[in-house]
Structures are given as C-alpha cells and as structure tokens.
Amino acid sequence: QVQLVESGGGLVQAGGSLRLSCAASGRTFSNYVMGWFRQAPGKEREFVATISRSGDSTYYADSVKGRFTISRDNAKNTMYLKMDSLKPDDTAVYYCAAREATDYRGSVFFSARSQYRDWGQGTQVTVSS
C-alpha cells in the first residue's frame with residue numbers, strides 16, 4: 001500500500017490559480033498510475049485527471065480540460081495538479097489516488113474511481129466568485 005498526502009489547497013478568487021501536490025511514500029512511485037478526484041458538498045466523488053506511470057499519457061474530465069494540467073515527477077515521488085482559470089464550480093475536496101499497474105503497459109491510465117486502491121485524505125479548494 002502506498003501512502004498519499006495532498007497539499008496546496010486553499011481559498012482563491014475566480015480566475016485564479018492553484019497547484020496541488022500529492023506526495024507518495026512506502027512503495028515504488030513509478031509503478032503506480034495516479035489520478036485526481038474531487039468531491040463537492042452533497043455530490044459524488046468525481047474524476048478530474050489521470051496520468052500514466054511514465055507520465056507520457058494523460059486524460060482529463062471535460063469540465064477541467066484546457067484549464068487543469070496533471071504531471072508527475074517520479075524522482076521526487078510526487079504528482080501535481082496545476083489549476084488555472086478556476087471557477088466557483090471547482091470548489092471541492094481534492095483527492096489523489098494510486099493504482100499499482102506493473103501488469104499494464106506504461107502508457108495506460110485509469111479514470112474510474114473503482115480502479116484505484118489507495119487514496120489520500122484530501123485537500124480543500126475553495127473558489128470565491
């Protein structure tokens with residue numbers, strides 16, 4: 001099991017930017033497909049973005065495409081989510097997730113919540129209008 005710790009959340013005005021980080025420990029980070037999910041009050045946890053083990057492949061929810069950028073640094077055991085042009089609808093607790101995927105080719109990624117095994121505790125992002 002990999003341990004995940006998110007950071008970087010906070011309060012920002014609409015149109016602003018934030019960068020979230022997810023630090024991993026306990027296992028070989030490059031063995032894991034990584035993802036970001038978010039959960040707003042009263043709503044289901046939803047997919048935001050995912051990145052392959054190699055970092056070469058990424059995939060985004062339509063709601064964030066063109067505004068958010070997912071990346072990873074395997075040497076630092078860290079994944080990032082750069083969020084630009086933030087909107088009040090982006091307000092949520094953001095979670096990072098990991099799924100060991102050494103049985104898959106390096107370019108694979110996962111977008112379903114059920115495909116992930118390990119989760120962080122979340123970081124709050126609040127966007128004011």
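In this structure, the side chain of Ser57 does not engage the main chain of Val108 through any donor-acceptor pair within 3.5 Å. In terms of modelled atom types and a separation under 3.5 Å, the side chain of Arg72 and the main chain of Ser52 share a donor-acceptor contact. A donor-acceptor contact shorter than 3.5 Å is absent between the side chain of Thr28 and the backbone of Asn31. At least one donor-acceptor pair under 3.5 Å links the side chain of Ser54 to the backbone N or O of Asp56. Using modelled atom types, one side-chain atom of Arg117 and one backbone atom of Ser114 make a donor-acceptor pair closer than 3.5 Å. Side-chain N or O atoms of Thr123 include one that pairs as donor or acceptor with a backbone N or O of Gly9 at under 3.5 Å. Judged by distance alone, the side chain of Thr50 and the main-chain N or O of Phe110 form a donor-acceptor pair under 3.5 Å.
Ser85 and Ser17 make their closest contact through N-OG, 4.4 Å (heavy atoms, listed as atom of the first residue, atom of the second, distance). Residues Pro88 and Ala14 come closest through the heavy atom pair CD-CB, 4.1 Å. Across every non-hydrogen atom of Ile51 and Phe109, the tightest pair is C-CB, 4.4 Å. The heavy-atom pair separating Leu81 from Trp36 by the smallest distance is CB-NE1, 3.4 Å. Of all non-hydrogen atoms in Leu4 and Ala24, the two that sit nearest each other are CD2-CB, 3.8 Å. Taking all atoms of both residues into account, the shortest heavy-atom contact from Ser21 to Thr78 is CB-CG2, 4.3 Å.
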Report task. In sequence, state the C-alpha distance, the side-chain angles, and the governing distance for Glu100 and Arg27, and then conclude on salt bridge (charged side-chain N to carboxylate O under 4.0 Å, His left out). Result -> CA-CA 9 Å; Glu100 190 169 19; Arg27 297 283 179 151; 5.2 Å; no

Requested in this report: Carefully, step by step, assess Glu6 and Leu20 under the rule side chain to side chain contact (heavy atoms under 4.5 Å, CB included).
Outcome: CA-CA 7 Å; Glu6 303 95 335; Leu20 306 183; over 6 Å; no

Query - CA sep, side-chain torsions, deciding dist, call: Ser71, Met79, side chain to side chain contact (heavy atoms under 4.5 Å, CB included) - result: CA-CA 6 Å; Ser71 62; Met79 174 181 65; over 6 Å; no

Query - Tyr80 vs Thr69, side chain to side chain contact (heavy atoms under 4.5 Å, CB included): CA-CA, chis, key distance, verdict - result: CA-CA 8 Å; Tyr80 304 97; Thr69 303; over 6 Å; no

Report task. Evaluate the salt bridge (charged side-chain N to carboxylate O under 4.0 Å, His left out) criterion for residues Asp90 and Lys87: first the C-alpha distance (whole Å), next the side-chain angles of each, then the deciding distance (0.1 Å), finally the verdict. Result -> CA-CA 5 Å; Asp90 295 318; Lys87 305 174 182 179; over 6 Å; no

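You'll find the side chain of Val125 reaches within 4.5 Å of the side chain of Met83, heavy atoms only. Using a 4.5 Å heavy-atom threshold, the side chains of Val2 and Tyr32 count as touching. For the pair Val33/Tyr104, no side-chain contact is recorded, criterion being any heavy-atom separation below 4.5 Å from C-beta on. Inter-residue side-chain proximity for Leu86 and Leu18 is flagged as met; some heavy-atom pair is nearer than 4.5 Å.
Annotation: cation-pi pair Arg45/Phe37 absent, no NZ/CZ under 6.0 Å from the ring centroid and within 45° of its normal. With a 6.0 Å cutoff to the six-membered ring centre and a 45° limit on the axis angle, Arg38 does not count as a cation-pi contact of Tyr95.
The distance from the CD atom of Gln1 to the CG atom of Asp118 is 5.0 Å, given to the nearest 0.5 Å. Taken from CD in Glu46 to CD in Glu44, the straight-line distance is 10.0 Å, to the nearest 0.5 Å. Here Met34 contributes atom CE and Cys22 contributes atom SG; the two are 4.0 Å apart, rounded to the nearest 0.5 Å. Going from atom OG of Ser63 over to atom NZ of Lys65 covers 9.5 Å, rounded to the nearest 0.5 Å. Taken from OG in Ser107 to CZ in Arg53, the straight-line distance is 9.0 Å, to the nearest 0.5 Å. One distance of note links NZ of Lys82 with CZ of Arg67; it measures 12.5 Å at 0.5 Å rounding.
A donor-acceptor contact closer than 3.5 angstrom is absent between the side chains of Ser111 and Tyr60.
Under the 4.5 Å side-chain heavy-atom criterion for Ile, Leu, Val, Met, Phe, Trp and Tyr, Tyr94 and Val12 are members of the same hydrophobic cluster.
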